[in-house]
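Numbering starts at 1 and runs along the sequence shown. Quantities reported herein were computed from a predicted structural model and do not represent experimental measurements.
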Amino acid sequence: MATFTISIALFIAGWAAVAILGTQAYFRGEQTKPIHERNWRSESFEQLAKSITGKDIDHNDRVPAYRMDAYASNNLPE
C-alpha cells in the first residue's frame, strides 16, 4: 500500500513540475516571437505572461509578424 501511495505522489509531483515548466517555456517563448499587429498591445497577454514568468515583455525584441495581410489591408470586404 505504501508503494502505491508513493507512486501516486511521485506521479502527481512530476505532472505538476512538467505543467509549471511547460507553461513557463510557452510564455517565455511567446514573449520573444514575432507578433501579429492586432495583438501588439494585448494587455491581457502581457499581464498573464508577467504573472507566470515574473518578467516584463521587452517590446524591442518583438517585431510585427506580417507586414501586409488581410487584417492590415484596406481591401477588406464591407
Side-chain angles (χ1 to χ4, degrees):
M1 183 68 176
T3 306
F4 179 73
T5 305
I6 291 172
S7 298
I8 295 297
L10 285 174
F11 176 78
I12 292 171
W15 181 84
V18 167
I20 290 168
L21 290 174
T23 303
Q24 285 267 331
Y26 171 78
F27 277 99
R28 286 184 185 252
E30 286 296 315
Q31 287 175 323
T32 58
K33 279 184 183 177
I35 186 170
H36 196 280
E37 183 179 318
R38 69 176 166 243
N39 298 327
W40 188 256
R41 296 282 183 210
S42 174
E43 295 293 327
S44 60
F45 175 80
E46 289 183 24
Q47 290 173 352
L48 185 60
K50 184 176 180 181
S51 68
I52 290 174
T53 63
K55 189 174 158 187
D56 284 326
I57 294 176
D58 182 3
H59 288 285
N60 293 326
D61 287 344
R62 300 194 87 180
V63 295
Y66 309 104
R67 293 289 177 195
M68 181 56 83
D69 64 357
Y71 180 79
S73 173
N74 290 330
N75 298 327
L76 292 174
E78 295 290 327

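- Judged by distance alone, with hydrogens and angles left aside, the side-chain atoms of Gln24 form a donor-acceptor pair with the main-chain N or O of Ile52 at under 3.5 Å.
- Between the CD1 atom in Ile8 and the CD1 atom in Ile6 there is a gap of 11.5 Å [rounded to 0.5 Å].
- Minimum heavy-atom separation, Arg28 to Thr53: NH2-O, 3.6 Å.
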